[in-house]
Amino acid sequence: MWRIGPALVGDAHAFRATVRKVIDQSLALRPMAGTDVAALPGTLEWQREREWLSTGIPIPDEHRQILETVAVDLGIQAPPWASATS
């Protein structure tokens with residue numbers, strides 16, 4: 001992935017402060033009809049990533065069963081989390 005450091009094109013501190021201000025302002029907006037929060041693209045994904053780091057990525061029961069079936073078909077042991085319940 002290509003990235004450009006803010007300090008290479010200007011004042012990095014000012015850039016970060018502006019980005020923080022935009023994020024905070026967007027989160028303070030009234031949500032659109034049918035949504036729970038007003039957020040910038042990527043916000044909900046960032047929040048899920050943070051949550052799943054501690055709780056693990058949820059896997060539906062149907063997918064767990066498929067993983068167990070594949071493991072049996074391959075003659076290998078399913079990962080311990082594949083047998084966990086939701």
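Along the sequence shown, residues are numbered consecutively beginning with 1.
- When all heavy atoms of A71 and Q77 are compared, the closest pair comes out as CB-C, 4.1 Å.
- At most 12 non-hydrogen atoms from other residues, nucleotides or ligands lie less than 6.0 angstrom from CD of E62.
- V70 and I76 end up in the same hydrophobic cluster when Ile, Leu, Val, Met, Phe, Trp and Tyr side chains are linked at under 4.5 Å.
- Exactly one residue among V19, I23, L27 makes a side chain to side chain contact (heavy atoms under 4.5 Å, CB included) with L40. That residue is I23.
- Distance OG1/T35 to CZ/R30: 10.5 Å, rounded to 0.5 Å.
- A donor-acceptor pair under 3.5 Å is absent between the side-chain atoms of E49 and the main chain of W46, judged by distance alone.
- Distance check: L74 CG to T69 OG1 gives 11.0 Å after rounding to the nearest 0.5 Å.
- The shortest distance between side-chain heavy atoms of T43 and V37 does not fall below 4.5 Å.
- The environment of CG in L8 is crowded: more than 12 heavy-atom neighbours from other residues, nucleotides or ligands sit within 6.0 Å.
- Using a cutoff of 4.0 Å between basic side-chain nitrogens and carboxylate oxygens, R64 and D61 are scored as salt-bridged.
- Enclosure of atom CG in D36 is not indicated, since only 12 or fewer non-hydrogen atoms of other residues, nucleotides or ligands lie within 6.0 angstrom.
- Atom CG in D11 sits 9.5 Å away from atom CZ in R16 (nearest 0.5 Å).
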